[in-house]
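Report on one structure; see the data block that follows.
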Amino acid sequence: MKLLEDLNPQQREAVTSPPGPVLVLAGPGSGKTRVLAHRIAYLVEHFGAQPREIMAMTFTNRAAREMSGRVEQLLGSADALQPVSKGGVSLSTFHSLCARLLRRESDLLPVNRQFVIFDESDQHAIIRQALKEINLDPKQVQPGKVHGLISRAKNELIELEAFEANTYFAEITRRVYQRYQQLLLRNNALDFDDLLLWTVRLLREHDDLLAKYRRRYPHILVDEFQDTNTAQYILLRLLAGEEPDLFAVGDPDQSIYRWRGADYRNVHRFKEEYPQAKIILLEQNYRSTQTILNAATAIIDRNPGRQPKRLFTDRGAGVNITFNEAYDENDEARLVIETIASLTYSGQVEPGGCATMYRTNAQSRALEEAFLKAGLPYRLVGAQRFYGRREIKDLIAYLRLIHNPADQVGLLRVLNTPPRGIGAKTVETLLQAASQAELDPAEVLLDLAEGDRSQFAGVFTRRAGAALTEFGRALQGWIKIHDELPLISLIDRVLEETGYREYIDDGTEEGQDRWANIMELRGVAQEYQEMGLTTFLEHVALVSDQDTLTDSQNAPTLLTLHAAKGLEFPVVFIIGLDDGVLPHQRSFDDPEAMAEERRLFYVGITRAKDRLILLRTFRRRQAGVSKLSKPSRFLEDLPPDLVDGNLSTHQTYEQASYQRQTRWDKKFTQPIEARYQVGMQVHHPTFGEGVVLATEIDLDDEVVTVAFEGGKTKHLAASLAGLTILDE
DNA sequence: ATCACAATACTTTTT
DNA sequence: GTATTGTGAT
């Protein structure tokens, strides 16, 4: 059968297993996505499954997209890509599956069909509100910590009644938990954890519902099984039912979401609860050179209590790993760019084949700045940045409020944005009036919009009342039209009637950027024109890693190690190999957490196909202050013969610091000469011709300000920008 | 009472 | 660099 031609014996065994529980333990780069896609195709072609009976679950939309592409190719028709409603394979993340199910079965929920999904910051806001309501100071009790504990409980399917409080902090958390859930309901909202929790609850409590979904999806597949949390595991078991056809693929060594409730022991649980399960090991690696695999093995082997895996490839040893130390994060970023430049220039790799990975998002800033300074394009993964922006959150809050007027968090966000004379005092009065009348604050506003007949006409001062009434009228108008008008028109009306552009676009560069972001979101909305507001809002809440940048752009990728899972690149940089960054400081005192940091490094290493470049910095800015940093303890575990560059972790810290300090001082005190002069004609590969406006020496590089034809002015690093002098 | 600006403290990873 | 809180001007 053609489907099986290119598979090795293990892969083939997995793909052709008779329906039933199957656990594929796959090493990195062993083709597990491929196995999943082939399995889906094989179910259809060999076991006679209907595409619509197959449900494949992933953790990210990106993985779902990739798999649908492969399945489509294999089945040679558009069957797989068809929307579920038209009989295609269901490829979905856990969270969107649950959101859709809950929306459909909303009669059984304490929220109505219009419910919104609260994101991180919304959750944070109601945690703070809950803390205040039970008279706790958000400064003394960290809202994040409380929320973390609540979230973990929910992921373990521990509801309020079962929440045990045997410490002071747990008792506080229990009280906040109670209030938090009430507030969610009042906002007609669910958080991420609720999506899973409620789905499991409904399926457990309603036999007919369970039967319906079991019949609907007789074949279930899961990717990244090691990342399932308890709620997700139970959900899988519920859906798989009495005669499970459950095909799980995972790698315990790549489990990096423990903090989010993921429990790689679900792998053991799977073996125990499905003793008949077929277990298949995929060890051959098709991605990396043996050097990279050996380094990866050396790192992961230090973790206790794991089943050793032998990673092998027939690709040969390849080149050594490179390790380098930079002075600070800017220098580190520059080293990245310089190396990419030289590798691309010598034709060893395409710019798009390079990726730079880091432990924390904050580390991307220096990189971005360096890329911008050099005038080079890059792709940044992690759209959180986009959806986390103030202006984007504002616009989404408006839309959410229109869709679900009970959304108090959204209301409070936009009530005085742009400023319209509704201050803290007025807001307080409004909330009081609302709670006295047992109405949502938005309902009070809508009532005010009715004019003199309003029961609230006398509650507010004249000025405040007028401002609130005006907002109420606007809201009323939008609600009235939101079902009839296309999404875009709704957005345009909101922007226009609120004067949002004048508010945000103040003529500065930043203001223009912000307005451009609004227009970008408007563009996304355009794609959701037909599916409507509900789907759009759900997309916005659940699709965080949708790349705002196109795949087709041939530019280096910047991403966190977490975001890197499931990807591969010919050339990988892992930056910030400093103790406290990777491994992260917050993991130091917890062996389980340290093991996870190690797995994270392992994931990063195994993304590389041909070349791995490790970087650290001698000096690092944290919270504004620059501090000396120690090399990562993980560096000691790398076999020195695989690495070019001085790992030098055997020196004492003081010795090393002294040497490095003098070395760097020397490097940066050597004056360099300016090569450019004001008025010079220059040429840039991307921006074309321009005139030098200013030039300045910055450490050991020259920063040139150039006005390009077409009116753009850029600050460029002379050593990187690739400028040619045309005319003096 | 509202708002703009300054001072403050804090910063893992994500659906 | 960002989010929240505090202060002074209007």
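A note on names: the letters A, B, ... follow the listed sequences, proteins ahead of strands, and every chain is numbered from 1. What you see below is based on every heavy atom in this structure, not just the backbone, and it leaves out hydrogens, waters and symmetry mates.
Residue contacts shown for A:Arg390 are absent, as no nucleic acid heavy atom lies under 4.0 Å away. Residue contacts for A:Phe59: at a heavy-atom cut-off of 4.0 Å it reaches the sugar-phosphate backbone alone, with no base atom in range.
The interatomic distance linking A:Lys145 (NZ) with B:dT11 (P) rounds to 9 Å, in whole Å. Distance A:Arg586 CZ to B:dT11 P: 6 Å, rounded to the nearest Å. At whole-Å resolution of the value, CD in A:Glu596 and P in B:dT14 are 12 Å apart. Note: CZ (A:Arg128) to C1' (B:dA9) measures 12 Å, nearest angstrom. The nearest whole Å value for the distance from the CD1 atom in A:Ile574 to the P atom in B:dT13 is 17 Å. The distance from atom CZ of A:Arg389 to atom C1' of C:dG1 is 13 Å, rounded to the nearest whole Å. Distance, A:Leu600 CG to B:dT13 C1': 7 Å, rounded to whole Å. In this structure, CZ of A:Arg365 is placed 8 Å from C1' of C:dT2, rounded to the nearest angstrom.
Applying the side chain to side chain donor-acceptor pair (under 3.5 Å) rule to A:Arg501 yields no partners; only residues at least two apart in sequence or on another chain are considered. With sequence neighbours excluded, the residues that form a side chain to side chain donor-acceptor pair (under 3.5 Å) with A:Arg104 are A:Tyr213. Residues satisfying the side chain to side chain donor-acceptor pair (under 3.5 Å) test with A:Arg258, not counting sequence neighbours, are A:Asp590. Among residues two or more places apart in sequence or in another chain, the side chain to side chain contact (heavy atoms under 4.5 Å, CB included) test is passed with A:Val459 by A:Thr429, A:Ala433, A:Phe456. With sequence neighbours excluded, the residues satisfying side chain to side chain donor-acceptor pair (under 3.5 Å) with A:Gln129 are A:Glu133.
For A:Asn361 and B:dT11, the shortest distance from a side-chain N or O to OP1 or OP2 is not below 4.0 Å.
Ring-base stacking between A:Trp259 and B:dT13 is satisfied, the centre separation being under 5.5 Å and the plane angle under 30°.
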Table of protein N/O atoms under 3.5 Å from nucleotides 1-8 of chain B N/O atoms:
residue: B:dT2; atom: OP1; partner: A:Gly423; partner atom: N; Å: 3.0
residue: B:dT2; atom: OP1; partner: A:Thr426; partner atom: OG1; Å: 2.5
residue: B:dT2; atom: OP2; partner: A:Lys425; partner atom: N; Å: 3.3
residue: B:dC3; atom: OP1; partner: A:Gly421; partner atom: N; Å: 2.9
residue: B:dC3; atom: OP2; partner: A:Asn416; partner atom: ND2; Å: 2.7

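The 5' end of DNA chain B is approached more closely, in terms of each residue's nearest nucleotide, by A:Glu597 than by the other of A:Phe192 and A:Glu597.
The distance between the ring centers of A:Tyr177 and A:Tyr180 does not fall below 6.0 angstrom.
Inter-residue side-chain proximity for A:Leu197 and A:Leu157 is flagged as met; some heavy-atom pair is nearer than 4.5 Å.
For A:Thr360, the listed nucleotide lying nearest its side chain is B:dT13; candidates were C:dG1, B:dT14, B:dT13.
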